[in-house]
Amino acid sequence: MPLDFNGWVCPAPLRDSPNIVMGHGGGGAMSSELVEHLFLPAYGEAAAAELGDSAVVDVTGTDRLAFSTDSFVVKPMFFPGGSIGDLAVNGTVNDLAMSGARPLVLSTAFIVQEGTSLSDLGRIAESLGAAARDAGIKLVTGDTKVVDNGSGDGVFINTSGIGLLDPDVDIRPDRASVGDVVLISGDIGVHGVAVMSCREGLEFGTTVESDTAALHGLVADIIATGADVHVLRDPTRGGVAASLNEIAKASKVGVELVEHQLPIPQTVKDACGLLGLDPLYVANEGKLICIVAADRADDVLAAMQDHPLGRDAAVIGSCVEGHPGMVVAKTGLGGTRVVDMPIGEQLPRIC
Amino acid sequence: MKYLDEFSNPELAKRLIDQIHETTTQPWAIMEVCGGQTHSIIRHGIDQLLPDNVEMIHGPGCPVCVTPLEIIDKALAIASRPDVIFCSFGDMLRVPGSSEDLFRIKSAGGDIRVVYSPLDALNLARENPDREVVFFGIGFETTAPANAMTVYQAKRLGIPNFSLLVSHVLVPPAVAAIMESPTCRVQAFLAAGHVCSVMGTAEYPPLCDKYGVPIVVTGFEPLDILEGIRRTVLQLEQGRAELENAYPRAVRDEGNIPAMQMLEDVFERTDRAWRGIGMIPQSGWRLSEKYRDFDAEHRFSVTDIHTEESTLCRSGEVLQGLIKPHECAAFGKECTPRNPLGATMVSSEGACAAYYLYRRLELVEA
Amino acid sequence: MCLAVPGQVMSVAERDGTLMADVDFGGIRKDVCLQYIPDAAVGEYVVVHVGFAIQRLDEKSANETLANFERMGILEEEFGDGFALAAKQAGLDEGAQA
């Protein structure tokens, strides 16, 4: 199979390596490149043009469905505030919600490692079921496979979901415009810190619990304001930094962040300080970024703050004409720094 | 975090910046030794807020960047062995060797684990008695006590399947080597705060005297860095060349005596080739004879190493402060954080990576 | 090169003959080896690097340094150049020295 190596943005090391590395799953630049240079060329004409979190499928010419899929491979499977079961539901529900759709149904496919305890699997299924009931969506079909002991930990879940889109909703990653306001629905960095706190080699004690949540109710309230919402995105792997970089690139605008306006809980700041991480790159599972025209931003912010999942919503920046495709932050001291796309996974550092 | 967050106060930062502006009457070139300081300066935009006359030259204090290529290649060879669990700080995972890096070894099946503390690696050795556990012990004097204690415990508790791959480097010989360089432009140093937390300040006054340079022990938070710069500029303007401690809350002249005693026992001085700079005599530590059994270089005889640096890479000149990262032809083109040609682009505190991550905007607009 | 942060010692215990402490970093707790600051008492602050306390954090000194920053620039504002110059010559704004 001929691969277009010459089109690769970063030539040397990956060209020489015949294997996938962990960074390819990090949600950052390496993941994007794998899609652009391996999958899409292979799919050819069968591939749709857009690369959003969910796809809008024009079914009858007027009715549109949103369709999304996601796989959950998180380790550890149980963490403060939730489990892989919660993520499996909320993750896909949120992907659908980010295109403005009302989530309807989900499929659940399990790949389970031989030797996994039935009680662990039971706990995951319970939390998955509870999350689905809380979100008001139906689990309509599923599958289970078992793989050899020794090829990874425990349980991997794929969920695919279908949602309904109202005809006048047009929310896409490439709709951000110069002058738009960038809003976040609440505190950032929470999920990533919760998961890290029980990861082998890094364990630390904390009260931080994952913020995993289904956001479609919040999205419905945002849309109900009648404002022309341009972009919605849940900043999962790669954090706010990855999401804003993708949006900036897709919309061909610059994004300006104001650091002191970012809502970062003290506990997240402290955990990141201890491990040498940047909260902007830490995963969130119950937050959304909303990019909306400036004239209705106040209304949207108020609607978000009225909803239980948006109490701490805040303005964090704006879309600008300068530096299109780049995200730049104004630092606390008044200087500037570029907030780059993360490369692979963010690693703790000692230096 | 208490005693940390207060030192980012923007109001107080502004006052310090104003003071620096008022004090500066002529151009000065100051080197901040420590990579963590470089990271902080660029990350907060401090260099943008200083007077144009004050130039910060980024020093070689990034242990990731200066770990000799030969040691990296040895690490990669050891990590590739199926009987080994190779433990490392996160910083080292993407550092390019002659042809690979630890990430790539991991994808080929190597058991490579990121740990926060070397003691975690020792625990892994106890939990996996049938595997060899190797810890990659890099760093400056700050990290050496942790590595020393770990190998001391391994010996005391009799944990035979643990070993350390050591590559420690020392600051004072590096300062001397920089000042001895004929192309040196450095007029003063911000010394590395946490190195001095361990080693104290006694090694620096002789350097001040010999080279006529002010040396100010400096911390890492914005206010600490600004205060370090302020005191340095004041000394330069007043024609003084003294050792000053601008980080007294964490640095005492006598250092940490129990730590220094342990270092004396576990390590001995050796010559070290700093990647990108070259051989600096007596500038490193290796395990002493007493602990030689725990030396991974001896345990795994990795001899067939042929090192090869990228011909495009100018890390050395960046590390010595002779060029700025964007003056290298490969910067941002063949060499980016995703495809680093040299270590200064890999480590988040390497000058090239810091410039790339945080400064690209100005360079683009320039 | 040295990411080290200050934390408060909450409890001390020996493990395998090594002195360890449970250290609190504003809500984040981590096990830290105290062998290099063996007389650190509960309630004291230490500077922690890769799971080891490498030095005491001198609280009094930290507060003095901050107070010096607070005072900075104010002498000039209130009294004008002459007084400020005298103050500098007397070393008043040099802050806590080692």
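Predicted, not measured: the structure shown is a model, and the values here were computed from it. In what follows, chains carry the letters A, B, and so on, assigned in the order in which the sequence lines appear, proteins first and then strands, with residues in each chain numbered from 1.
- When all heavy atoms are compared, the tightest approach of Pro118(B) to Val50(C) is CD-O, 3.9 Å.
- Taking NZ of Lys2(B) as the start and CG of Leu57(C) as the end, the distance is 9.5 Å to the nearest 0.5 Å.
- When every heavy atom of Arg15(B) is checked against every heavy atom of Met72(C), the shortest pair comes out as CD-O, 3.3 Å.
- Rounded to the nearest 0.5 Å, atoms CG (Asp16(C)) and CG (Leu122(B)) are 9.0 Å apart.
- Nearest heavy atoms, His194(B) versus Cys2(C): ND1-O, 2.8 Å.
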Under 3.5 Å, which donor-acceptor pairs do the side chains of residues 254-264 of chain B form with other protein atoms, sequence neighbours left out?
residue, atom, partner, partner atom, Å
Asn256(B), OD1, Ala259(B), N, 3.0
Asn256(B), ND2, Tyr36(C), O, 3.2
Asn256(B), ND2, Ile54(C), O, 2.8

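- Within the model, atoms CG of Leu119(B) and CE of Met20(C) stand 6.0 Å from one another, a figure rounded to the nearest 0.5 Å.
- Considering CG of Leu157(B) and OG1 of Thr18(C), their distance stands at 6.5 Å, rounded to 0.5 Å.
- In this structure, Phe52(C) and Thr150(B) approach most closely via the heavy-atom pair CZ-OG1, 4.3 Å.
- For a residue to count as touching a neighbouring chain, one of its non-hydrogen atoms must lie under 4.5 Å from one of that chain's; by this rule Gln8(C) does not touch chain B.
- Neither the backbone nor the side chain of Glu11(B) comes within contact range of chain C; no heavy atom of the residue lies under 4.5 Å from a heavy atom of that chain.
- Proximity to chain B is absent for every atom of Asp31(C), based on heavy atoms less than 4.5 angstrom apart.
- Only the side chain of Phe89(B) comes within contact range of chain C, judged by heavy atoms closer than 4.5 Å.
- Across Gln55(C) and Ser197(B), no two heavy atoms sit closer than the pair NE2-O, 3.0 Å.
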